[in-house]
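Below is one structure, written out as structure tokens; comments come after it.
The figures that follow rest on heavy atoms only: side chains count, while hydrogens, waters and symmetry mates do not. Index from 1, following the sequence.
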Amino acid sequence: MPNTQPRSSSTRRRFTPRLSIRARLMLLALLAVVPLVVDRVHLTERTRVERVQTAYAEVVGLARRARDAQVETLDATRALLQVVARAYTAAAAPASDCTAFLRGFISDAPWISSLSVVGADGRIACSTRRPAVGLDLSDRDYIRDVQRTREYVLSDYLLERSYEKSTVLMAFPIIRPDSPETAVLLAPIDLHWLARIGEGVESRPGTAAYLIDAKGTVLAGLQNHERLVGKRYGGHPLVAAVQTEPNGSATLAGFDGVRRIFGFAQLPGTDVRIVVGFEEREVLGRIERDAWIAYLHVAFFAALTMMAAWLVGEHLIVEPIRALARTATRIGQGDLEVRAEPESWAPEFAPLATALADMAGRLAARERELRAANRHLEELASIDPLSGLANRRSFDARLASEWQRAVALRHGIGLLMIDVDHFKLFNDGYGHVEGDACLRQIGQVLAAVADGPSEFAARWGGEEFVLLLPGADAARARETAERLRLAVMALRIRHDGAPAGFITVSIGAARLEPAAGSRPDEMVEAADAALYAAKRRGRNTVVVDEPAPLARAG
């Protein structure tokens with residue numbers, strides 16, 4: 001009869017599966033690696049999103065910068081035409097002197113190709129562009145609108161395909177108090193919009209930039225270093241996307257079929273959009289490569305950990321690793337002085353403990369280096385790299401500080417605004433390298449003229465510099481400006497295009513006593529007005545702002 005008794009407990013235990021120490025260590029290693037993989041995936045995706053967001057912000061910023069540059073050019077043109085119209089009305093120059101009169105105003109406005117006076121009959125009476133005299137423009141909408149509204153009018157964009165650029169016409173009324181008729185001052189404006197953002201666009205592969213009207217016509221464009229002018233893409237998805245709202249961003253294919261991250265901005269008062277796009281593959285290519293490398297690193301680390309867990313016993317590795325983990329955690333929390341104590345460990349862990357101590361030392365040294373680098377970067381952020389002087393951002397901060405201090409102490413503050421005479425001619429004639437060297441020398445002279453730590457010299461932008469004179473009166477401002485003008489002349493930098501034969505500067509000086517509620521911009525505007533007066537007087541001169549004349553001029 002067969003034995004039907006149940007098996008003993010000892011027999012059952014013999015078949016009970018047990019995990020060995022090596023298997024448990026491998027399981028722990030696997031559990032330790034899984035969160036690392038998940039975190040790496042999460043970090044990679046987050047980095048990818050951040051890269052795309054950064055690209056969106058950059059293209060939108062470039063588009064808005066180009067828009068702001070055009071708006072700035074239009075505002076400057078409007079201000080100039082207002083001055084010309086008033087001067088023309090006051091001078092009542094005959095037709096024989098009209099051309100010379102107009103030419104004198106556009107010498108310092110290179111973006112204005114010509115100036116013309118259109119009579120009340122719609123014909124061009126005089127112009128700096130002689131072939132245009134006598135042309136009948138009475139059928140032009142912008143001429144009619146100006147004569148009807150007596151307000152300035154901006155025409156639609158005009159294409160000049162031979163030059164691959166876009167132009168607008170600004171028409172400004174010439175109103176005589178004793179006449180009901182309205183003449184028109186006409187100025188074509190070359191906006192050079194692509195040149196303003198060209199450095200940021202052409203330096204990156206696969207980048208595109210367009211100036212598009214509501215019909216999808218490319219008024220100007222750059223695409224894979226190919227310039228587009230006059231081509232129409234009325235049914236293209238990109239045109240439809242940018243026309244949905246004034247400003248924004250989108251990711252879609254460009255006119256060449258390449259998928260890009262686009263940012264766009266509308267020019268105020270028009271239906272024209274400035275569009276800038278970075279190739280999506282170029283933006284994301286590096287993060288994709290980094291992701292694959294990171295995944296390979298994680299896989300290698302996981303395999304190495306599991307192999308080590310298989311070969312090493314629990315008592316030889318677990319406790320030392322725990323101790324090292326505790327030490328690493330404290331280092332990660334910022335305790336860079338902590339050290340492991342491997343006296344009772346296996347000799348194999350001594351190098352690891354030493355490496356951990358060395359890492360803590362290196363991290364401490366790197367932390368000190370990073371702090372020093374951050375201080376250095378803060379200094380570089382406030383310095384103009386060409387002239388060595390403070391930059392515009394640093395000057396604005398210093399002016400605001402000195403302004404508040406002057407309000408509190410109730411003392412005056414002076415400002416010199418310096419402009420290098422005929423610098424564009426110098427740059428065109430001698431090249432940008434010589435132009436940079438010239439600005440660098442003038443910056444050195446300005447730094448030497450600045451007397452004491454309270455005076456603050458900075459590069460305003462382009463060929464313009466400023467010198468802040470806290471506590472200065474009008475006499476001191478004039479004396480400092482004259483000393484600076486003579487010091488620049490003493491450099492004897494050759495300039496055949498200048499009347500003097502060498503580089504000179506024009507200086508506008510202003511001195512105000514700030515009151516509560518006043519703005520630093522008032523001083524900047526006063527100094528700028530004085531600088532403009534210095535230019536009008538023939539350059540290479542100093543003009544100090546005087547309240548009464550400025551009030552009459554305003």
Side-chain angles (χ1 to χ4, degrees), residues 68-69 71-80 82-83 86 268 378 381-384 387 389-419 443 446-447 449-485 505-537 541-554:
D68 295 342
V71 172
E72 178 183 350
T73 300
L74 294 176
D75 290 342
T77 303
R78 180 185 177 186
L80 178 62
Q82 184 177 13
V83 172
R86 290 181 179 178
E378 289 177 358
S382 63
I383 296 176
D384 173 59
S387 64
L389 301 175
N391 58 19
R392 174 73 174 274
R393 173 185 175 186
S394 181
F395 170 77
D396 290 340
R398 182 63 175 268
L399 176 59
S401 174
E402 292 292 345
W403 192 268
Q404 295 298 326
R405 184 169 175 267
V407 171
L409 299 179
R410 296 184 180 179
H411 64 62
I413 185 171
L415 177 65
L416 304 184
M417 185 163 285
I418 304 103
D419 183 82
L446 185 57
V449 169
D451 185 16
S454 63
E455 296 186 358
F456 189 78
R459 184 182 179 193
W460 181 259
E463 66 271 20
E464 291 187 331
F465 299 84
V466 288
L467 178 58
L468 190 62
L469 305 172
D473 55 15
R476 178 182 163 196
R478 182 184 295 276
E479 185 275 332
T480 302
E482 190 63 30
R483 183 153 46 92
L484 174 60
R485 185 184 69 85
V505 295
S506 299
I507 304 176
R511 190 262 182 189
L512 294 177
E513 292 186 5
S518 59
R519 298 178 295 104
D521 291 345
E522 298 174 8
M523 169 162 287
V524 176
E525 293 170 358
D528 188 59
L531 175 61
Y532 181 76
K535 291 181 180 181
R536 296 285 296 157
R537 294 183 186 180
T541 186
V542 174
V543 173
V544 179
D545 172 62
E546 297 292 343
L550 286 177
R552 289 193 298 270

ask   = Does the side chain of Trp460 reach to within under 4.5 Å of the side chain of Val524, using non-hydrogen atoms?
value = yes
inquiry  = How about CZ on Arg405, more than 12 heavy atoms from neighbouring residues, nucleotides or ligands closer than 6.0 Å, or not?
reply    = no
task = Evaluate side-chain contact (heavy atoms from CB on, under 4.5 Å) for Ile507 paired with Leu467, printing each intermediate quantity in order.
result = CA-CA 10 Å; Ile507 304 176; Leu467 178 58; over 6 Å; no
note = Nearest heavy-atom approach of Ala526 to Ala510 is CB-CB, 3.8 Å
message = Measuring from atom CZ of Arg536 to atom OG1 of Thr541, what distance do you get when rounded to the nearest 0.5 angstrom?
response = 14.0 Å
message = Counting C-beta onward and ignoring hydrogens, is there a side-chain heavy-atom pair between Phe456 and Ser394 closer than 4.5 Å?
response = yes
ask   = Does Arg392 reach the main-chain N or O of Gly461 with its side chain, forming a donor-acceptor pair under 3.5 Å?
value = no
Exercise: identify the closest heavy-atom pair between Ile413 and Met523 = O-CE, 2.8 Å
ask   = Do you know the tightest heavy-atom contact between Arg511 and Gly412?
value = NH2-CA, 3.7 Å
inquiry  = Please report the interatomic distance CZ(Arg476) to CD(Glu455), rounded to the nearest 0.5 Å.
reply    = 4.5 Å
ask   = How about Val466 and Leu468: do any of their side-chain heavy atoms sit closer than 4.5 Å?
value = no
task = Can you measure from CD (Glu463) to CG (Asp419) and round to the nearest 0.5 angstrom?
result = 5.0 Å
ask   = What heavy-atom pair brings Ala477 and Leu469 nearest, and what distance separates the two atoms?
value = CA-CD1, 3.9 Å
inquiry  = Using every non-hydrogen atom in the two residues, find where Arg519 and Trp403 come nearest and quote the distance to one decimal.
reply    = O-CZ2, 3.2 Å
query = Going by heavy atoms in the side chains, are Asp75 and Glu72 under 4.5 Å from each other?
reply = no
inquiry  = Give me the atom names and distance for the closest heavy-atom approach of Arg537 to Val543.
reply    = NH1-CG2, 3.6 Å
key: CZ on Arg398 to CZ on Arg393, rounded to 0.5 Å   = 16.0 Å
message = Within this structure, what is the CZ-CG distance for the pair Arg478 and Asp473, rounded to the nearest 0.5 Å?
response = 11.5 Å
query = Does a side-chain N-to-carboxylate-O contact under 4.0 Å join Arg485 and Glu482?
reply = yes
remark   = Output for pair (Leu415 CG, Phe395 CZ), nearest 0.5 Å, gives 5.0 Å
request  = Evaluate the side-chain contact (heavy atoms from CB on, under 4.5 Å) criterion for residues Glu525 and Asp528: first the C-alpha distance (whole Å), next the side-chain angles of each, then the deciding distance (0.1 Å), finally the verdict.
outcome  = CA-CA 5 Å; Glu525 293 170 358; Asp528 188 59; 5.6 Å; no
Flag side-chain contact, heavy atom, 4.5 Å: Tyr532 against Val83 = yes
